[in-house]
Every structure is written in C-alpha cells, then in structure tokens.
Number of protein chains: 2
Amino acid sequence: MSKAGFVTAADVAKLAGVSRSAVSRTFTPDAYVSPAVREKVLRAADELGYRVNRLAKDLQTSRSSMVAIVGARFYEPYVAGLLDDLSAALIGKGLHALLLNASSQDMTALLNLVLEYRVRAVIVLSGAPPRELIDQCLRARQRMILINRHMEDVEAGSIETDDRMGGRLAAEHLLAAGRRKLCVVRSGADTPSQRRRAAGFLERLDEEGIACERWVAGRGNYEAGCEAARSLLRGSGPAIAPDIDGVFAATDRTALGFLNTARFEMGVSVPQDVAVIGFDDIPEAAWSSHNLTTIRQSAPDVVAAVLTLLAEDDEDAGPRRVAIPVSLVERGTV
Amino acid sequence: MSKAGFVTAADVAKLAGVSRSAVSRTFTPDAYVSPAVREKVLRAADELGYRVNRLAKDLQTSRSSMVAIVGARFYEPYVAGLLDDLSAALIGKGLHALLLNASSQDMTALLNLVLEYRVRAVIVLSGAPPRELIDQCLRARQRMILINRHMEDVEAGSIETDDRMGGRLAAEHLLAAGRRKLCVVRSGADTPSQRRRAAGFLERLDEEGIACERWVAGRGNYEAGCEAARSLLRGSGPAIAPDIDGVFAATDRTALGFLNTARFEMGVSVPQDVAVIGFDDIPEAAWSSHNLTTIRQSAPDVVAAVLTLLAEDDEDAGPRRVAIPVSLVERGTV
DNA sequence: TTGTACGCGTTATCAA
DNA sequence: TTGATAACGCGTACAA
C-alpha cells in the first residue's frame, strides 16, 4: 500500500505474482497481455480494490483528460442548462470538467490555477469573463474555447450565438406588430452578448428611421427587468397607454422581470399596453404564467460545437469559429 | 521544455543558474530560500511563463486539492444555485471542483473515474444518486459527503435538510387555512428528499385523522406539477370547487407547474379554489407572477456545512451529520 | 542556505 | 508475451 493508503499497481503485482508492468498493461487499452496473466491481475485488483491513479497516469502520458470550465452566475437558467448539457457531453467523450467559478475571485489566482492543471482545454463561458485571464492563457499556449466571447486576432476556438441577427429579429417582430415607441433593456452585467443583441436591435430600427430608448442597470438580470419596468412605466395607470409600447430585453430573465413587474406591480397590460420580447428561450419563458415571446439560441448546438472544436485536436485546419443560429419563438407577449 | 511543450522547473533552474530544488522551494510556501536566489528564480520563471505542474505536485505530496461533485439535473434552480455557491466557496478554500454529471451515464464508469482521481472528497448531491457508487467509494475508503442522502450505518459525512419538519410545516399551514381535502404531489424523480417531505406531511395529517390523496408521476419536476393539475382538477369548471382544496408539492418547480396549469389551463383559482405550497424557495417562487408560499431550505447553510465537514480533516470527532433547518415562507398561494 | 538523490505511481521502451 | 528500467515533474530528506 502507498503512503496515503491507496492501493498501487505494485501491490496488485505482488498479490498476483506478476510484474508491475503486467498490471499496467492489463489496464491499458490495446496492450499485450496473455489471458492467463490478465485474469490473475484482474482478480487481485478486484480483491484489493485497485484503481489506476490518474494523477500518475496523466503525468506520465502528459495528457490530462480534464477540461476547465470558467464562468460565473451558474444559477442563471441558460448557464445552468449549458453546464448540465456540457458536463454530460464531456463525460461521454471521456473528458472531465473542472468547474471554476470566476465570480468575485482573485483573477490572478484563478489564472495560475487553470494553467497549473495542464487541462486539455479551457472553456470560457460568457458572463464575467476576465480578459486578462484569456490573454495570459493564450500566452502560455493553453488551448481555449470561448463561448459568446469572440476576440479578433486571437488563437482560440470561438462559439458565438448570432446575437446581432437575434436583435434584428426582435426589432422586426415588434415593428410588424405595429410598435413604434420602443426601448431596449440590458442588465448591469453588460456582457458582450447583451451588447451585440442591443446593437442588432438598434441597427434594424435605424434602417427604418425609428428612435429607441435605452435602459441599462440593475444587478442581476431579473432585477434589471424589474427596475426598468418601474422606471419606464412610472405614472401609467392600468388603462393609460404608457410612453413606450414595445420592449426588447437582452435576456429572458430580464424580460420576465419586466413582464412581471409591469403586470403585477404597475398594472400595465402585456401585450396590449406594451409588448415584450426576450432572448435565450429558457424553460421559464414557455411557462403558461409568462408565455414569453423570445429569440431562441440552442444550448445543444453550443455543446455540439464545443465537442467539435475539442475533437479537432491537432488538425490546424477546420472551423475555428462556429456560429449558433437563432430563431424567433412567437408566444403571447407581442 | 518538457515533451508536451510545457515549461518545467528544470528549465527555470537552468535559466536562473540554480538547482532544480531551489526552484521548487521558491514555489513552496514556508521553505528556505535566500532572497537573492528567490529573485533570480522568479525572474526566470516569469520570463519562461512557468507554472507548477499540479499533477506532479499532487502525486508527490499524495494530496489532491480536488473535490468531486457528483449530481444530476444541474439545470434545476435549486441545484444550480447550490453549484454556484459551492464552486465559489471551494475555490475560496483552495479546493477545486471536478463536476461529474451522473445523469444517464454508466455508473461503473463514473465510479471508477471518481476513485481514479484521488480527490480529497466526493460530494454527492441529492438527485439521481447511485447507491452502488456510494457503497463502492466507501469500500475504497474514499472520503464522502452526502447531501440530502443520509444512509444509516455508513462512514460518511451527511448534510440533510429537515425535510420531515418541512412537510409538517406545510401540513400545519394548509390546515390552519382551513383546507381539508388535501393532496401531496411528487415527481417521478422520486428522490429520498421528496419521499421524506411527503412522509412528514402525511404524518402531520395523520395526527389530525385527515385523509390525503397522493400523486406521483411525471418526468421533470415542473412537468409533474402540470400533469398532476390536469389529472386532479379535471372536470372542475372555473366556478366549481374542485375535489381537492389544498396541494403540497415536494419541490417548488412541481408547485409552479401545478399552479400555472391550474390557473391558466384549468381555469382554477389559486388560492380561492385550491391552495398550493411548495418546497425549496427558489428565486422563481418569489416572482410576482407566482408569489408561491413555500418551505425554505437555505443553500448557503448547506455550503457552510460542506466546508465544515471538509475542514475536520483528521479529527475523528466532530459533527459528522448536519441538519439544515427549514422555515415557512408565507406568500400568496395558501 | 544550497545541491544531490530519492520516491510518488504510472506508462513506454527494450531486451529477453 | 514478459519483466527490468527509464522517464514524467515535482517535493523533500539528507548531506554539503
């Protein structure tokens, strides 16, 4: 037994009456071992409860099977869903997720950490994404995959929702519904994604020569929506049309905060008085309590793209930049 | 440079003109290095972009700083929130989370995996919890922390919400509201937690000699609530009192599914026709669109308990079993 | 205070 | 097919 009390290959070898290498070979795919020896080794291993030590294995092969996932706000439904899909998919490919929460942390520490583990790749989720960390990792030639965080002239795989198009679709839909007094609402999180969505929305409006309010604030996404509704709809009575008649929220949670506050706190009817459209299509958007019209971005597509980028290990060619399509989901708030 | 292209301590030593152990000592807390040497080493390390290889370090010290988190359904708000808090707290303690998604996976593979990594502890979240995995880990003397999954006569730290008391509180509250035609609803997930909550609820009702319907089915938690409402409230028109007048759902999501379907699909008024109470107090419960009365269990408390159990490293004494208190949150559905 | 030498547990190489 | 032996990159007695 080793110092830490774990069973080692040597222990198994001794019990089985064979050499250490025989044990190693038994547990290494496609290696030469006679059935007889293999049987003896397996029996001994089972008896001792032996497991290959991955630390030693990875050190020796200098090839870890870990993938770091760096992100924040894992409680947000869209992120949580992505995490669920991603962790399941990775394990299916024999990879394991090292989950690093970048919220409110010392970035330098996190940076050192992620590089110390010699992971096969670092996956950076959108929110709270330390630019400095990304730079340093790339300098260390650490393989990286950026989700909704593309950076030009950077040697990293990148997966991006077509945020701009999504914003345009939202604008199009509100315009088609005859809305003209519009507002775009973003949370204080202020991620690149949210900025691009808003930009696409404004761009489409600009083409029609229609003006647009902008509202940015709030801590969480949901709370931002609540605050926006209180601020924008102030003074509007139940029967009085408010100063705006259509809102595009950069995330579904923000849209839901706006929607709920408008309906239950401000007494404003949706969509009669004001139309609301969100972005992401999280499960809660489809609930009958909200029935939110929104722009869908497919999480499974993102996961598939991650696996693709992960797969093209050494081939330098291949699609290093993947776009995730979006689509309009018509429900009852426009 | 090493085979994989990473910088090693030897590289740094050569550049700095010192021995390899000097490098090692520079990066080891409380070790003897003269300021002069330390400076030279740090300069060389910075120039080369050197990072300690954690695989080798952990192997050498036979002490990994990884903690495995085994769970499923990370998209559920309560689980997602726990994951967010937990990953942040662990990193604060110098520990790192290896996230293993146990859903729809080969359990044997996952079992081998978690043991191969020689993690400092395995944290098992409630849902989809493979009993076999737990047994095997314990047999391998792997340190474990079970959340909402206590097993008698088992050598593992365990953290449990006071589910039974929560169920009793729910019953008490419905009874106090004058409800007598009651039903308890659980999802098909059928976790130990949900069973205990239902049991506590029924226990309290039993003391009053009041009968109770039971409804168990559905795939997801939310969907289970929807199905329950459709099934239990069938035939009740808007103005007609249904056959039941009070429902306890074992999770908030189930409660919300029931609530929404009752209101928007069945035309049943809540709480006038039927009262609804949930469990967990997820953020969505507080939304004005739901305003769900529920039983709160505190995720931060759970995280604190995990850290406590993790801390009592070698001391065999100490609280190996921690109970998380619950409380009633009165809102508008009872 | 520094350098040498050994061990952590594994895989890979090379004779036998 | 098997068993010594050499890495893998690191921490750390031990000696200098």
Side-chain angles (χ1 to χ4, degrees), chain A residues 1-41 44-45 48-66 112 115-119 140, chain B residues 1-42 44-45 48-65 112-113 115-120 140:
Chain A
M1 294 252 270
S2 78
K3 198 165 53 187
F6 282 109
V7 180
T8 77
D11 301 325
V12 177
K14 191 182 297 176
L15 179 60
V18 297
S19 72
R20 274 173 291 264
S21 340
V23 177
S24 179
R25 276 193 272 264
T26 304
F27 290 99
T28 303
D30 39 75
Y32 306 145
V33 206
S34 67
V37 172
R38 168 178 225 92
E39 186 56 35
K40 280 197 293 185
V41 169
L48 266 45
Y50 168 75
R51 323 270 165 179
V52 174
N53 184 330
R54 262 198 131 80
L55 268 46
K57 177 204 187 89
D58 288 356
L59 174 62
Q60 157 65 25
T61 58
S62 59
R63 181 173 185 75
S64 158
S65 52
M66 289 198 303
N112 282 324
L115 291 175
E116 284 176 11
Y117 271 106
R118 305 295 198 263
V119 296
Chain B
M1 295 255 268
S2 78
K3 196 166 55 185
F6 282 110
V7 180
T8 77
D11 301 325
V12 177
K14 190 182 296 175
L15 179 61
V18 297
S19 75
R20 203 189 49 67
S21 33
V23 178
S24 180
R25 278 192 270 263
T26 303
F27 290 99
T28 303
D30 37 77
Y32 306 147
V33 206
S34 66
V37 172
R38 168 179 225 90
E39 187 55 36
K40 281 197 292 185
V41 169
L42 285 178
L48 265 45
Y50 169 75
R51 323 270 166 177
V52 175
N53 184 331
R54 263 199 130 81
L55 269 46
K57 177 203 185 86
D58 288 356
L59 175 61
Q60 155 67 24
T61 58
S62 57
R63 180 173 184 76
S64 160
S65 52
N112 282 322
L113 190 66
L115 290 175
E116 284 176 11
Y117 271 105
R118 305 295 197 262
V119 296
R120 199 172 301 182

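So that the names make sense, note that chain A is the first sequence line, chain B the second, and so on, each numbered from 1. No experiment lies behind these values; they were computed from the predicted model shown.
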Nearest whole angstrom, please: distance from the P of C/dG9 to the CG of A/N53. 7 Å

Please round to the nearest 0.5 Å and tell me the distance separating atom CG of A/L15 and atom OH of A/Y50. 13.5 Å

Whole angstroms only, please: what is the CG-P distance between B/L48 and D/dG9? 14 Å

Could I get the full list of side chain to side chain contact (heavy atoms under 4.5 Å, CB included) partners for A/S21, not counting sequence neighbours? A/S19, A/R25

Find the distance between CG (B/D58) and OH (A/Y117) and round it off to the nearest 0.5 Å. 6.0 Å

note: A/L59, atom CG; C/dA12, atom P; distance rounded to Å ~ 13 Å

Distances for protein N/O vs nucleotides 1-5 of chain C N/O pairs under 3.5 angstrom?
{"unit_1": "C/dT1", "atom_1": "O3'", "unit_2": "B/S34", "atom_2": "OG", "d": "3.4"}
{"unit_1": "C/dT2", "atom_1": "OP1", "unit_2": "B/S34", "atom_2": "OG", "d": "2.2"}
{"unit_1": "C/dT2", "atom_1": "OP2", "unit_2": "B/S34", "atom_2": "N", "d": "2.6"}
{"unit_1": "C/dT2", "atom_1": "OP2", "unit_2": "B/S34", "atom_2": "OG", "d": "3.2"}
{"unit_1": "C/dG3", "atom_1": "OP2", "unit_2": "B/S19", "atom_2": "N", "d": "3.1"}
{"unit_1": "C/dG3", "atom_1": "OP2", "unit_2": "B/S19", "atom_2": "OG", "d": "3.0"}
{"unit_1": "C/dG3", "atom_1": "N7", "unit_2": "B/R25", "atom_2": "NH2", "d": "2.5"}
{"unit_1": "C/dG3", "atom_1": "O6", "unit_2": "B/R25", "atom_2": "NH1", "d": "3.3"}
{"unit_1": "C/dG3", "atom_1": "O6", "unit_2": "B/R25", "atom_2": "NH2", "d": "3.4"}

Answer whether the closest heavy-atom distance between the side chains of B/L42 and B/F27 falls below 4.5 Å. yes

Ranking C/dT11, D/dC10, D/dT12 by distance to the side chain of B/K57, first place goes to D/dC10

Assign B/Y50 to base, sugar-phosphate, or nothing according to its heavy-atom contacts below 4.0 angstrom with the strands shown. sugar-phosphate

Rounded to whole Å, the CD-P distance (A/E116 to D/dC10) equals 10 Å

In whole Å, I'd like the distance from the CG atom of B/D58 to the P atom of C/dC8. 16 Å

In short, the helix from C/dT1-D/dA16 to C/dA16-D/dT1 is bent end to end, axes from five pairs each side, to 10°, by 40°

note: B/R51, atom CZ; D/dG9, atom P; distance rounded to Å ~ 17 Å

Just how far, in rounded Å, is P of D/dG11 from CG of B/L55? 12 Å

Min side-chain heavy-atom separation A/N53-A/T8 under 4.5 Å: no

Does a donor on one side chain and an acceptor on the other come within less than 3.5 Å for A/S65 and A/R54? yes

Indicate whether OP1 or OP2 belonging to C/dT11 is found under 4.0 Å from a side-chain N or O atom of A/S24. yes

To the nearest 0.5 Å, how far apart are OG in B/S34 and NZ in B/K40? 8.0 Å

Rounded distance [0.5 Å steps], CG in A/L59 versus OG in A/S64: 11.0 Å

When every non-hydrogen atom of A/V23 is compared with those of A/V41, the smallest separation belongs to CA-CG1, 4.0 Å

Over how many whole Å does the gap from B/R54 atom CZ to C/dC8 atom C1' extend? 17 Å

